[in-house]
Amino acid sequence: MIRELQDHGSTLLHGARDDHAGRDGYPVPIYRVVVDGRDISTLIIPRLIRLELTDNRGMEADQFSLSLSDHDGLLELPPRGATIRVWLGWSTTGLVDKGSYIVDEVEHSGTPDVLDIRARSADLRKTLKKKRERSFHATTLGTILQSLAETYDLQPLIDPTLAAVPVAHLDQANESDANLITRLGEDNDAVATVKAGRLLFFPRDGGRAASGASLGHAYLNRQDGDRHSYLQADRDNYEGVRAYYYDLDSAKKEQVVAGNGDTLMELRHTYGDRDTALRTAQAHWRRLQRGKASFRYTLAQGRPDLIPEMTYTVSGMKAEIDGVIWQGSHVQHSLTAEGGLSTSLDLESQLADFEIAELADGTSGYTGVVAWYRASETGKEDKVTAGDQHNPRHLTALYATKASAKQAVEKEYARLKASA
């Protein structure tokens, strides 16, 4: 019976290709699913209800789910711990490797009878979550990450600038290695994750791999999608972040501030040195800025090549959406028998790469405005200004064009003058 199902699935697959050929190149969703080395793609075709993949950023595990019709009761329940490897794509462009997953949940329900299989990315092994007690002293961030990678036979791909960051002292107290990697990423405003047998650690500033190579940039327009949601919120409206540290020379508790302004978020932890405190404050400040604008976009025709951390520009929406460069945080690919292959993107505004290391000087009034944009000719960042630049307000988003940056600067400068 299983052989008959496979033959039937193969017939359907060839039929889809023949139908595609008859439509003069009209794209048809295609996929490949391999369980413990056995290709079950043709078996799935007549039973598929939904196949879903979620690519997450950082150490949050990527997720895979598969819902199949078991109307005839012939499906076998896969064992927990089975390895599933998945490819998605289109008949016109081919398949994209979407990685490996370990089955951790199997559910059978009815009626009608449905088999649900849920799995998580294979790279986030249980051993990464084992809690440890140890300390690191007088070392570098790169040395710590290299040691973690060697423990799990992972290939370390670490941004050279981040690798050179000095670490005076770091305690890992009843904390898993997965949590430690996440914490190091948060404290250094870095993407920290394990993917495809690699430990990746690189700046969260524009879709770059640890090698320095670009992850790519995607251009989207209104016609590409069928649903969108834009949110701009100043829930806390912090203008900076304050962190404390112990100064060994003076034996006093001192403070540093990333950003400037009067409304500051205070970090609870007291750090061992000024550089660590400031670097952590900067990371938290940048994270606050990213959270002020978010954009969710669903592509009617899925793009399995899209992944978190890529950058995006959008056209055909509101000026506030089109005018900035976006960066991916979560990407979900969904394939259904009726709806085909679609992709949903969770995006956040990318930040300009300007210096925020100065201490706050206590001034409360801005004298001007500055904004940064990415020049299309060179790919480098440049700025536009308005007013006196003695104490300017920085617009933190990275704008897509000089025109959109100029428009934002003029609008904010007019608001500042009106409120003066």
Side-chain angles (χ1 to χ4, degrees), residues 57-60 131-141 144-145 159 161-162 164-193 201-205 233-294 327 329 348-364 393-394 396-397:
R57 184 167 61 187
M59 291 298 290
E60 184 179 357
K131 293 184 178 180
R132 302 178 185 273
E133 296 274 350
R134 56 180 168 177
S135 296
F136 303 90
H137 186 71
T139 184
T140 64
L141 191 56
I144 296 173
L145 293 169
D159 178 82
T161 301
L162 290 173
V165 169
V167 177
H169 186 80
L170 175 69
D171 290 321
Q172 184 179 1
N174 196 30
E175 182 181 24
S176 69
D177 287 342
N179 193 75
L180 176 61
I181 293 169
T182 299
R183 179 159 64 96
L184 291 173
E186 290 176 350
D187 288 351
N188 292 275
D189 196 34
V191 175
T193 188
F201 201 90
F202 53 91
R204 196 188 298 274
D205 65 354
D234 283 333
R235 296 185 181 91
D236 300 312
N237 203 28
Y238 291 116
E239 295 178 297
V241 177
R242 177 187 287 124
Y244 295 95
Y245 69 97
Y246 282 116
D247 188 327
L248 295 178
D249 294 330
S250 65
K252 292 182 179 180
K253 186 177 180 180
E254 304 286 354
Q255 68 176 27
V256 292
V257 175
N260 57 8
D262 298 323
T263 308
L264 302 175
M265 169 188 277
E266 292 195 359
L267 301 183
R268 294 181 180 180
H269 184 72
T270 300
Y271 297 89
D273 63 278
R274 180 185 181 279
D275 289 344
T276 302
L278 182 57
R279 188 169 60 250
T280 305
Q282 290 174 336
H284 282 266
W285 185 87
R286 294 179 72 85
R287 223 170 14 254
L288 284 174
Q289 304 312 302
R290 291 191 189 94
K292 289 186 175 182
S294 61
Q327 191 166 14
S329 57
E348 59 187 18
S349 55
Q350 187 183 355
L351 299 188
D353 189 23
F354 59 84
E355 182 60 54
I356 61 171
E358 301 87 357
L359 301 181
D361 57 11
T363 55
S364 57
R393 176 179 177 84
H394 289 271
T396 54

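As the structure is a computational prediction, the values presented were derived from the model and not from experiment. For this chain, numbers begin at 1 and follow the sequence in order. Keep in mind that the numbers below use all heavy atoms, side chains included, and drop hydrogens, waters and symmetry copies.
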Item to check | Full working for side-chain contact (heavy atoms from CB on, under 4.5 Å) between Tyr245 and Thr276 | outcome: CA-CA 8 Å; Tyr245 69 97; Thr276 302; over 6 Å; no

Next on the checklist: Checking Val256 against Arg274 for the side-chain contact (heavy atoms from CB on, under 4.5 Å) test, could you report, in this order, the C-alpha distance in whole Å, the side-chain angles of both residues, the deciding distance, and whether it holds?
Outcome noted: CA-CA 7 Å; Val256 292; Arg274 180 185 181 279; 3.8 Å; yes

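We find the CG-CD1 distance between Leu180 and Ile144 to be 7.0 Å, quoted to the nearest 0.5 Å. One finds the CZ atom of Phe201 at 5.5 Å from the CG atom of Leu184 (value rounded to the nearest 0.5 Å). Note that CD of Gln282 is 4.5 Å distant from CG of Leu278, once rounded to the nearest 0.5 Å. Annotation: the span from Phe202 atom CZ to Thr193 atom OG1 amounts to 8.0 Å, rounded to 0.5 Å. For the atom pair CZ (Arg279) and CG (Asp189), the distance works out to 12.0 Å, reported to the nearest 0.5 Å. The distance from atom CG of Leu264 to atom CD of Gln255, rounded to the nearest 0.5 Å, is 8.0 Å.
For His269, the side chain to side chain contact (heavy atoms under 4.5 Å, CB included) criterion is met by Tyr271, not counting sequence neighbours. Judged as a side-chain hydrogen bond (donor to acceptor under 3.5 Å, both in side chains), and not counting sequence neighbours, the contacts of Asn179 are Glu175. Residues satisfying the side chain to side chain contact (heavy atoms under 4.5 Å, CB included) test with Asp187, not counting sequence neighbours, are Arg183, Thr280, His284. With sequence neighbours excluded, the residues forming a side-chain hydrogen bond (donor to acceptor under 3.5 Å, both in side chains) with Thr140 are Thr143, listed by chain and number. Annotation: salt bridge (Lys or Arg N to Asp or Glu O under 4.0 Å) contacts of Arg242 (sequence neighbours excluded): Glu266. The side-chain hydrogen bond (donor to acceptor under 3.5 Å, both in side chains) search around Ser329 returns none, not counting sequence neighbours.
The shortest heavy-atom contact between Asp171 and Ser135 is OD1-OG, 2.6 Å. The two residues Ala243 and Ala277 make their nearest non-hydrogen contact at CB-O, 3.5 Å. Residues Ala192 and Ile181 come closest through the heavy atom pair CB-O, 3.5 Å.
For Phe136, the CZ atom is densely surrounded, since the number of other residues' heavy atoms within 6.0 Å is greater than 12.
When each of Lys253, Glu254, Lys252 is checked for a side-chain contact (heavy atoms from CB on, under 4.5 Å) with Tyr246, only Lys253 meets the rule.
Glu133 contributes a side-chain N or O that, together with a main-chain N or O of Asn174, makes up a donor-acceptor pair within less than 3.5 Å. A donor-acceptor contact shorter than 3.5 Å is absent between the side chain of His137 and the backbone of Leu170.
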